[in-house]
Amino acid sequence: MSKDIALDEHLLIQKYFSNIGSAFLAEHNVEISVGDDASVISSKQNIQQINSLDTSIEGVHFLSSMSSTDIAYRSCVIALSDLAACGARPKWYSIAITLPQVEDSWLNSFSIGLQKFSDEYRIPLIGGDTTKGKLSITVQVMGEVDTNKAILRSTAKEDQLIFVSGVIGNAYLGLKELSDNLGTDSYSKAYLEPKAHIDLGLKLSDIASACIDISDGLLQDLNLICQSSNIGAEIYLEKIPTSISEKSLELINSGDDYELCFTVDEDKYDELMNISKTLNIPITLIGKTSFSKDLILYDVDNQRVELNSGYSHF
Ligand code: ADP
Ligand code: MG
């Protein structure tokens, strides 16, 4: 912990962070967890470790009005979603939190969000850091795959089918509900409590050629698959699954849904539909990869939609 946070650092960590998900330490081979200089984990053969990290900043990645339970939970899920996209089994996570002040009730509710996350995905919190400053949460998630089983962005081929899981745009509608203070009704849960599609990612590791989780927007994220795989894509607005009938570009491309977008060989279609049934997750065909390097979106009249270059974080 940095020296500038005015409290008993040891006590704070002990009170709010030391027992999160501790029920899952043994099954994930954690020998030493929160409390020592570093965590210690035993490793196995024929396994590759998968590691990813995401920072969530107040006012940028989450609303100031959110409860600290929701802030904790959402920050962790959106980090874990990268492991889902790789087809990895989650094993451990750590968090670095920067706090403007130490407030008991806020931290208490924050640790409830962590516990909820740990319980749902059955992984322990194994370490972190605590500093003082503008509220931000960095979550590092770690997982495993059998050697060479990670699903990458760079391995899609031309003439493959492109799918998305779930419904696109609900988080956008939810964020609108929350920002416009329309109460927390139908869609806000999609924004506040996204899911990391771990089980789907695990099933996809045998059949998908490439996969990404949709954090920034369907078009940008699919475009990342295209660029790193050196292919193009043709997708159809009409086919993109949404909750409302007006499929605006904003709706389908605003991100935050953390659904998976992935490519699959045509002959795997039936297998994929079985996975969808087994997991009870809608999986929808939205287009095909192509030889050209362009990402092309067709509107409901099959006219090409003009796309600009997409979002950037800065
Ligand atoms: P050091 O000064 O050696 O970096 P810290 O006081 O930062 O030690 O951390 C002590 C222990 O508490 C370490 O095991 C660290 O991983 C853990 N820790 C610190 N902050 C957090 C946190 N926010 N969540 C989980 N574990 C934490
Ligand atoms: Mg430290």
| request: Output, in order, the C-alpha distance, side-chain angles, deciding distance and verdict of salt bridge (charged side-chain N to carboxylate O under 4.0 Å, His left out) for D265 and K157. | output: CA-CA 9 Å; D265 264 331; K157 305 275 181 302; over 6 Å; no
| query | Can you name the closest pair of heavy atoms from F17 and I97 and give their distance? | reply | CZ-CG2, 4.0 Å
| query | For the residue pair Y93 and F117, does the interplanar ring angle fall in the parallel (under 30°), tilted (30 to 60°) or perpendicular (over 60°) class? | reply | perpendicular
| message | Can you confirm whether more than 12 heavy atoms, excluding those of D36, are under 6.0 Å from its CG atom? | response | yes
| message | Does atom OH (Y236) have a neighbourhood of more than 12 heavy atoms from anything else shown, all under 6.0 Å? | response | yes
| query | Judged by modelled atom types alone, do S68 and E103 share a side-chain donor-acceptor pair under 3.5 Å? | reply | no
| said: Count I, L, V, M, F, W, Y as connected when their side-chain heavy atoms are under 4.5 Å apart, and connections chain through other members. Are L80 and Y258 then in the same cluster? | reply: no
| message | Does either side chain, that of S109 or that of T69, offer a donor lying less than 3.5 Å from an acceptor on the other one? | response | yes
| task | Dump the intermediate steps for side-chain contact (heavy atoms from CB on, under 4.5 Å) on L218 and C261, then the final yes or no. | result | CA-CA 8 Å; L218 173 60; C261 175; 4.1 Å; yes
| task | For the pair Y298 and Q303, evaluate side-chain contact (heavy atoms from CB on, under 4.5 Å) and give the outcome as yes or no after the intermediate values. | result | CA-CA 5 Å; Y298 293 103; Q303 298 297 308; over 6 Å; no
| task | Go through the steps for E158 and K288 under the test salt bridge (charged side-chain N to carboxylate O under 4.0 Å, His left out), then give the verdict. | result | CA-CA 8 Å; E158 59 199 61; K288 258 186 126 169; over 6 Å; no
| Is there a chain of hydrophobic side chains (I, L, V, M, F, W, Y, each step under 4.5 Å between heavy atoms) that links M66 to W106? | yes
| query | Would you call I281 and H197 a side-chain contact if the rule is heavy atoms closer than 4.5 Å? | reply | yes
| task | Report yes if some heavy atom in the side chain of L307 is under 4.5 Å from a heavy atom in the side chain of L249; otherwise report no. | result | yes
| Side chains of T263 and L161: does their closest heavy-atom pair fall under 4.5 Å? | no
| Is S39 reaching over with its side chain to a backbone N or O of G127, donor-acceptor style, under 3.5 angstrom? | no
| query | Would you say the side-chain atoms of S52 and Q140 include a donor-acceptor pair closer than 3.5 Å? | reply | no
| Between the side chains of N170 and S243, is a donor N or O closer than 3.5 angstrom to an acceptor N or O? | yes
| task | Please answer whether the main-chain N or O of N108 pairs with a side-chain N or O of S111 as donor and acceptor at a distance below 3.5 Å. | result | yes
| task | To the nearest 0.5 Å, tell me how far E259 CD sits from I283 CD1. | result | 10.0 Å
| note | Here the gap from K134 atom NZ to T98 atom OG1, rounded to the nearest 0.5 Å, amounts to 11.0 Å
| query | Is there a path from V34 to W92 through hydrophobic residues (I, L, V, M, F, W, Y) whose side chains come within less than 4.5 Å of each other? | reply | no
| query | Which heavy atom of I231 sits nearest a heavy atom of A156, and at what distance? | reply | CD1-CB, 3.7 Å
| Out of curiosity, does L219 fall in the hydrophobic cluster containing L237 (side-chain heavy atoms, cut-off under 4.5 Å, transitive links)? | yes
| Any side-chain donor near an acceptor of the partner, S136 and T55, under 3.5 Å | no
| task | Could you tell me whether the side chain of Y187 and the main chain of G169 form a donor-acceptor pair under 3.5 Å? | result | no
| query | Would S228 and S154 count as having a side-chain donor-acceptor pair, cut-off 3.5 Å? | reply | no
| message | Looking at K195, I'd like to know if its NZ atom is crowded, meaning that more than 12 non-hydrogen atoms belonging to other residues, nucleotides or ligands lie closer than 6.0 Å. | response | yes
| Is there side-chain contact between I214 and L260, with heavy atoms separated by less than 4.5 Å? | no
| said: When you compare the side chain of I32 with that of I126, does any pair of heavy atoms fall below 4.5 Å? | reply: no
| said: As a quick check of understanding, evaluate side-chain contact (heavy atoms from CB on, under 4.5 Å) for Q48 and K149, giving each step before the final call. | reply: CA-CA 9 Å; Q48 288 172 324; K149 280 290 193 170; over 6 Å; no
| task | Indicate, with yes or no, if V164 and V264 share a hydrophobic cluster defined by side-chain heavy-atom contacts under 4.5 Å among Ile, Leu, Val, Met, Phe, Trp and Tyr. | result | no
| task | Return yes if some donor-acceptor pair links the side-chain N/O of D221 with the main-chain N/O of S215 below 3.5 Å, else return no. | result | yes
| message | Under 6.0 Å from the ring centre and within 45 degrees of the ring axis: does the NZ or CZ of K293 meet both conditions for the six-membered ring of F291? | response | yes
| request: Any chance you could measure K268, atom NZ, to L204, atom CG, to the nearest 0.5 Å? | output: 11.5 Å
| query | Is a side-chain donor or acceptor of S81 paired with a backbone partner of V77 at a separation under 3.5 angstrom? | reply | no
| task | Verify whether one side chain among N29 and S42 offers a donor that lies under 3.5 Å from an acceptor in the other. | result | no
| request: Give, for atom CG of D216 and atom CG of D257, the distance between the pair rounded to the nearest 0.5 Å. | output: 11.5 Å
| said: Quick one, D54 and V139 - any side-chain contact, counting heavy atoms below 4.5 Å? | reply: no
| said: Quick one, F62 and L192 - any side-chain contact, counting heavy atoms below 4.5 Å? | reply: no
| Distance (rounded to the nearest 0.5 Å) between H10 NE2 and L12 CG | 11.0 Å
| Quick one: does NZ or CZ of R74 land under 6.0 Å from the six-membered ring centre of Y191, within 45 degrees of the ring axis? | yes
| said: Tell me whether E238 at atom CD has more than 12 heavy atoms from other residues, nucleotides or ligands lying less than 6.0 Å away. | reply: no
| query | Between K247 and T242, does a side chain to side chain donor-acceptor pair (under 3.5 Å) hold up when you go through it step by step? | reply | CA-CA 7 Å; K247 296 176 193 282; T242 54; 2.9 Å; yes
| request: To the nearest 0.5 Å, tell me how far E193 CD sits from S188 OG. | output: 9.0 Å
| said: Would L173 and L175 count as a side-chain contact (heavy atoms from CB on, under 4.5 Å) here? Give the steps. | reply: CA-CA 6 Å; L173 297 171; L175 181 58; over 6 Å; no
| task | Answer yes or no: is there a side-chain heavy-atom contact under 4.5 Å between I47 and D146? | result | yes
| note | Those residues at least two apart in sequence (or on a different chain) that pass side chain to side chain contact (heavy atoms under 4.5 Å, CB included) with D294 are S292, I296, R304
| Do Q160 and S209 pass the side chain to side chain donor-acceptor pair (under 3.5 Å) test, and can you show the C-alpha distance, the side-chain angles, and the key distance before you say yes or no? | CA-CA 9 Å; Q160 291 186 317; S209 58; 2.6 Å; yes
| said: Around atom CZ of R153, are there more than 12 heavy atoms from other residues, nucleotides or ligands closer than 6.0 Å? | reply: no
